Amino acid sequence: MAITAATPRIQRSSTPATQPGIIHFGPGAFFRAFNAPYTAEAMAAKGGDWGIRAVSLRHADSRDKLAPQGYAYTSIALTPQGKQHTIIEVINDILVAPEDPAAVLSALADPNIHIISLTITEKGYCHHPASGALQLDHPDILHDLQHPNTPRSAPGFLVYALAQRYAAGLPPLSVLSCDNLPANGVLTRRVVLDFAQAVQPELAAWIAQEGRFPCTMVDRITPATTEADSAQLTADAGYLDQGCVVHEPFRQWVIEDNFVAGRRPDWDAAGAQFIKQRPQEQTAIGQETAAPPRGVAAFETMKLRCLNGTHSTLAYLGYLAGYATIAETVADPTFAALLDQLWTQEIIPTVPPPEGADLTAYCVALKQRYLNPAIQHRTWQIAMDGSQKLPQRLLGTVTDNLAAGRAIPLLSLAVAGWMRYVGGVAEDGQPIEVRDPLAAALRAAVDRSSTPAETVDALLAIQAVFEPTLAANTHFRDAVIAAYTALLQHGAHRTVTQTLEGTSLC
Ligand code: CS2
């Protein structure tokens, strides 16, 4: 069906909840494909005042697309057999923080809001990716420490929102990170406490005591929505929808059941899994990253290493080999073999299985998810922000293997693939549009080096990404230099083949 002036636009059919209970930062495609449908289904099953006010920290795009349709939109599950459309009506409105930060703070002061949830991507936490500490010299953090009434960053909004509650004698909010970070609740708590400590130590002590930062593991492959997706929806369903999202049918949400006064939606009625918090997981200020993965953190480690680690590997090496999507990359038997060997030899041995999980079965199912031809998940999209992703996706796995004396040829190749990619020139000589907060520094490190060893050393010296002990490990360094050299000489495809065969790379 062609779009004409008469094509109707999707409109909300139900009245928005008068009393929203959640403020969500980051109303992009993942939130609309994941948090919003779970919450709508939980309320349909069990009720509750859990309408969502969303906040965009950067752009007006989501608000501009969704406001004219009453914040209703279509969530489209892409299965190899066809599509399933679900209309989602759970968003009350979207505030655009840069337009009116004070309006966001006043929304956060509403005593009926019990949860702030976050899908702001890794870089939204303004932390040092390698250590997890807040970057106190980050430009947005410096700004927010000076401007309590007009913050820009997520940590700034969170701390000033909690400060309002503290001053008003109210209980704090639960802060629910839904980003792909290790022990994401612990990390969020750490950046909030670091910021609060710089504002008012007494406030930090109250947040440490009373605040709740449940860890979560979130999983649903959600490629960026394209114009073609919206046009196809109009052709299939007969209406315009500028806010639609496409995603795989699979979804998994594991949540630590640790909310202020136990107030949270019954997301389990929609299939989410709540896990009880173990008492010893409540940590003091400064001890947040010491604990080994347990509870939800174990699910998060499994997902970050098995899924996101291989996603990034396929993104860098697949892009260099000329593949546009993950499905295309994995359809190549060489890359399918890379995936299998990476899991069995170098990833699974490092992952303590979460309760009830079978890691082999998990990876077998994962491969089928990657192969879903209906999902056009671009290697370029996943390659974005590698400096923020590498530590939790690949480098922790490298460190654990080194400690156990296991070889790391494929992980080293993945890291070398990232190094080759951030140089910004593809194998056919075309420029690569590298999107990364550290893009300029990464490119400069590559450009000022004249040998592969110099390039690898210059990138290993970036401490935001590589912890000094890992960067100084000669076994790791030598393996990355060998892989990087091979990538330059033979290209990604041949290097993957040779590495799998264990043949000489020279
Ligand atoms: C992907 C993830 O873009 C990326 O970096 O690895 O968004 C991935 O699709 C999700 O984590 C799947 O749950």
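A quick note: this is a predicted structure, and the numbers were derived from the prediction, not measured. Numbering of ligands and ligand atoms starts at 1, following listing order.
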Enquirer: Could you note down all residue pairs passing salt bridge (Lys or Arg N to Asp or Glu O under 4.0 Å) where residues 410-431 supplies at least one of them, sequence neighbours left out?
Expert: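 Sorted pair list comes back empty.
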Enquirer: OG1/T497 to CZ/R494 distance, rounded to the nearest 0.5 angstrom?
Expert: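 Rounded to the nearest 0.5 Å, the OG1-CZ separation comes to 9.0 Å.
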Enquirer: Going by the rule salt bridge (charged side-chain N to carboxylate O under 4.0 Å, His left out), which residues pair with K123 if we only count those two or more places apart in sequence or in a different chain?
Expert: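 Salt bridge (charged side-chain N to carboxylate O under 4.0 Å, His left out) list for K123, sorted by chain: D385.
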Enquirer: Please list, chain by chain and in numerical order, all residues satisfying ring pair (Phe, Tyr, Trp, His ring centres under 6.0 Å) with H128, sequence neighbours excluded.
Expert: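 Testing H128 for ring pair (Phe, Tyr, Trp, His ring centres under 6.0 Å), a comparison that skips the adjacent residues, returns none.
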Enquirer: Pairs under 3.5 angstrom, nitrogen or oxygen on both sides, ligand 1 versus protein: list them out, please.
Expert:
from     : atom 1 : to   : atom 2 : distance (Å)
ligand 1 : 5 (O)  : K389 : NZ     : 2.9
ligand 1 : 5 (O)  : R393 : NH1    : 3.0
ligand 1 : 5 (O)  : R393 : NH2    : 3.0
ligand 1 : 6 (O)  : N308 : ND2    : 3.1
ligand 1 : 6 (O)  : H311 : ND1    : 2.7
ligand 1 : 6 (O)  : R393 : NH1    : 3.2
ligand 1 : 11 (O) : N180 : ND2    : 2.9
ligand 1 : 11 (O) : K303 : NZ     : 2.6
ligand 1 : 11 (O) : N308 : ND2    : 3.0
ligand 1 : 13 (O) : D219 : OD1    : 2.6
ligand 1 : 13 (O) : R220 : N      : 3.0
ligand 1 : 13 (O) : K303 : NZ     : 3.1

Enquirer: Over 60° means perpendicular and under 30° means parallel, so tell me whether F274 and F259 are parallel, tilted or perpendicular.
Expert: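 Plane angle over 60°, so perpendicular.
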Enquirer: Ring centroid separation for H138 and H127, is it under 6.0 angstrom?
Expert: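 Centroid distance H138-H127: not below 6.0 Å, so no.
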